Amino acid sequence: MSESPLITPRTLKGFRDYLPAAMLQREKVIATAQRVYRSYGFSPIDTPALEFEEILLGKGGEETDKQMYRFEDAGGRRVGMRFDLTVPLARFAAQHIADLGTPFKRYHIATVWRGENTSRGRYREFMQCDFDTIGTTAVAADIETGLVIHDLFHALGFDAIAIRVNNRQVLTGMLEKLGLADRATAILRALDKLGKIGREKVADEMMQVAGATASQADDVLRLSELKGSNHEVLAAVENLLDGNERGLAGAARLREVLGGMAAAGVPDERVKLDVAIARGLGYYTGVIFETFLDELPDIGSVCSGGRYDNLAELYTKQQLPGIGASLGLDRLLSAMEELGRVAKVATPAPVFIPFFDGARLHDYLRLARGLRSHGLGVEVYPEPKKLGQQLKYADRRGCKLAVILGSQEFEGAKCQVKVLATSTTHEVDLAAPGGGAWNAEVAAEKLAAKLAELLAAG
RNA sequence: GUGGCUAUAGCUCAGUUGGUUAGAGCGUCGGAUUGUGGUUCCGAAGGUCGAGGGUUCGAGCCCCUUUAGCCACCCCA
């Protein structure tokens, strides 16, 4: 053995290992997102983790520079790691739109990196699950974005959600009307904190940081504090925006989006017009979505998106408007964990076969393969240990069924199937029609049907 | 990035005003007449007290530095 000191095993701040139970959960959510996105015709793409620095620095400000992982590669090129999937999409679209044609619908599920501070559900390496429709300004694309969000959470088992919808045009119109258009960013940044710090402090910030008057701040807040049903709020918004073309157009668009989602079958209570949300200041120009879980609203938006006028303007002269949204996978998983919605399963194989009779290894292996060919996940224990220990192992990993086959069972061409959660056992006859000795293929055929039935039941 | 709190076994924690070989519960592993787990009983393994330095006769405990985590703020393209 080496005498050299051990290297402490550790991971970088904000970077994590995923143990099997956590990884299975991640993969499940990812698979669900893929399924929903694909069901709407969004196609998968991927782009490099590393891009030329100039591509990524294009639009951001100082914060971007600070948060982005940047370095010089071995060839002396300035490169950076992607910090979201939208900028790479812009570059990708500018480069390939001629081949892709419009409208272009893509989804992209991938890891991104930001060197920012960590907190609950926020890490330096995390995953985004984006879907976007580019090359069209049609309202149908706006509506469809909302539908995807809705269906995604439904598929994930969350029906108690609030998809908050707004339109930047409404806010912009209001600010124009108040003569605050030149300070929009500062005003909206303050407004976005409404739910968090309260009306007084928001008004203070608008006055101090953005130089608004008390009455201007009050007018902005009045807009965002309208109460009532979506339709009532919308009517009141239009009233307040009277005379401002941009704002009224934004309100009309919202009316279409809400109407479209309702017409497509989304229950009204899951969609909430919220004139205060103002995220994505840098590039959203139209409809905005933010999604909150009713059971855990404090964790923040778990799926955000919106419409942008010109995604790829830095990289091409071609106009590429679009709309999309992104599931915050890590934040959602954090929420699911807090809500106790994470199954404690550490194995993808629901069926467990103890290595019971030490002389029958080959029979176990053949039977397991036969079951797998019927689409079942099957694990065979590698050592002929005591049965109790093997069952304990299976239970701890979260296997659902144990197929118990000892010399007696081989003798009689049968087996016991034990449901581990309830401890109930079912005897299954595995003999060929007309009786006969043990036959792995016949046994697999008959057993697979029974196992599938039990798995479906439990 | 700023401020505060925390760091003792795999996990959750105890550890008296600094004083001998640092403890518990859970978990893990082994066993309780040899074909059935999650309950019980017995036993075992497992910690240079996050890391580095300092004060002291003596540091898990006090001081400094560092790393990581938690909370708040800033920010979130």
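No experiment lies behind these values; they were computed from the predicted model shown. Here is how names work: the chains are called A, B, and so on, in the same order as the sequence lines, proteins then strands, and each is numbered from 1.
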According to side-chain contact (heavy atoms from CB on, under 4.5 Å), who are the partners of [X], at least two apart in sequence or on a separate chain?
X	answer
A:Gln416	A:Ile404, A:Glu409, A:Thr425
A:Gln318	A:Ile97, A:Thr316, A:Leu320
A:Ser224	A:Leu191, A:Leu194, A:Leu221, A:Ala276
A:Pro20	A:Ala346

Practice item. Specify the separation, in whole Å, of atom CG of A:Leu188 and atom P of B:C75. Key: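 Result: 14 Å.
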
Check your understanding: Can you check the A:Gln67 CD to B:C75 P distance for me, whole Å?
Key ->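 A:Gln67 atom CD is separated from B:C75 atom P by 12 Å.
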
Exercise for review: Examine B:C75: is either OP1 or OP2 under 4.0 Å from a nitrogen or oxygen in the side chain of A:Arg122? Give yes or no.
Suggested key: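 No.
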
Review point. Phosphate oxygens OP1/OP2 of B:C73: is one of them under 4.0 Å from a side-chain N or O of A:Lys193?
Key: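 So the side chain of A:Lys193 is outside the cut-off, no N or O lying under 4.0 Å from OP1 or OP2 of B:C73.
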
When the [atom1] atoms of [N] and [M] are considered, how many whole Å apart are they?
N	M	atom1	result
B:U48	B:A59	C1'	14 Å
B:G38	B:C76	C1'	45 Å
B:U36	B:G50	C1'	43 Å
B:A14	B:U6	P	12 Å
B:C41	B:A51	C1'	42 Å
B:C5	B:U28	C1'	32 Å
B:G52	B:A9	P	16 Å
B:G27	B:U12	C1'	11 Å

Practice item. For RNA chain B, produce a single dot-bracket line, 5' to 3'. Pairs: Watson-Crick or G-U wobble, both distances under 3.5 Å. Symbols: ( ) within strand, [ ] crossing, | other strand, . unpaired. Key: (((((((..((((.....[...)))).(((((.......))))).....(((((..]....))))))))))))....

Review point. Is the closest basic N to carboxylate O distance between A:Glu144 and A:Lys105 below 4.0 Å?
Key: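 So A:Glu144 pairs with A:Lys105 through a salt bridge.
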
Check your understanding: Does A:Asp132 pair with A:Arg106 as a salt bridge, N-O distance under 4.0 Å?
Key ->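 The answer is yes: the pair qualifies as a salt bridge.
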
Would you tabulate the pairs of protein nitrogen or oxygen atoms and nucleotide nitrogen or oxygen atoms of nucleotides 29-36 of chain B closer than 3.5 angstrom?
unit_1	atom_1	unit_2	atom_2	d
B:G30	OP1	A:Gln389	OE1	3.3
B:G31	OP2	A:Gln389	NE2	3.3
B:G35	N7	A:Gln408	NE2	3.4
B:G35	O6	A:Gln408	N	2.9
B:G35	O6	A:Gln408	OE1	3.2
B:G35	O6	A:Gln408	NE2	2.8
B:G35	N1	A:Glu409	OE1	2.9
B:G35	N1	A:Glu409	OE2	3.4
B:G35	N2	A:Glu409	OE1	3.4
B:G35	N2	A:Glu409	OE2	2.8
B:G35	N2	A:Gln416	NE2	3.3
B:U36	O2'	A:Lys418	NZ	3.3
B:U36	O2	A:Lys418	NZ	3.0
B:U36	N3	A:Gln416	OE1	3.3
B:U36	O4	A:Gln416	OE1	2.8
B:U36	O4	A:Gln416	NE2	2.3

Could you list the donor-acceptor pairs under 3.5 angstrom formed by side chains in residues 435-448 of chain A, with sequence neighbours left out?
unit_1	atom_1	unit_2	atom_2	d
A:Trp438	NE1	A:Asp363	OD1	3.4
A:Asn439	OD1	A:Glu441	N	3.0
A:Asn439	OD1	A:Val442	N	2.9
A:Glu441	OE1	A:Arg366	NH2	2.8
A:Glu441	OE2	A:Arg366	NH2	3.2
A:Lys446	NZ	A:Ala431	O	2.9

Practice item. Under the ring pair (Phe, Tyr, Trp, His ring centres under 6.0 Å) rule, collect the residues that match up with A:His96, sequence neighbours excluded. Key: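 Only A:Phe92 meet the ring pair (Phe, Tyr, Trp, His ring centres under 6.0 Å) criterion with A:His96.
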
**Study point:** Test log, rule side-chain hydrogen bond (donor to acceptor under 3.5 Å, both in side chains), inputs A:Tyr393 and A:Arg397
**Key:** CA-CA 6 Å; A:Tyr393 165 91; A:Arg397 301 276 297 264; 2.4 Å; yes

Short N/O separations, protein against nucleotides 9-11 of chain B, under 3.5 angstrom:
none

Point to revise | Side chain A:Arg168, main chain A:Tyr284, donor-acceptor under 3.5 Å | key: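 Yes, A:Arg168 side chain to A:Tyr284 backbone: donor-acceptor pair under 3.5 Å.
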
Under 3.5 Å, which protein N or O atoms sit close to an N or O of nucleotides 68-72 of chain B? Give each pair with its distance.
unit_1	atom_1	unit_2	atom_2	d
B:G69	OP1	A:Gly14	N	3.4
B:G69	OP2	A:Lys13	NZ	2.9

**Study point:** Centroid-centroid distance, A:Tyr107 to A:Tyr37, less than 6.0 Å
**Key:**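 Distance test on ring centres: under 6.0 Å, yes.
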
**Study point:** Listed once per pair and sorted, the ring pair (Phe, Tyr, Trp, His ring centres under 6.0 Å) pairs that draw on residues 319-341 of chain A, sequence neighbours left out
**Key:**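 Listed by first then second residue: nothing to list.
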
**Study point:** Contacts of type salt bridge (Lys or Arg N to Asp or Glu O under 4.0 Å), residue A:Arg331, not counting sequence neighbours
**Key:**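 Not a single residue meets the salt bridge (Lys or Arg N to Asp or Glu O under 4.0 Å) criterion with A:Arg331.
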
Point to revise | Minimal non-hydrogen separation, A:Asn167 against A:Val287, with atom names | key: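 What the structure gives for the nearest pair is OD1-N, 3.6 Å.
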
Exercise for review: Would you mind classifying the nucleic acid contact of A:Ala421 as base, sugar-phosphate or nothing, using non-hydrogen atoms under 4.0 angstrom?
Suggested key: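 A:Ala421: base contact, heavy atoms under 4.0 Å.
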
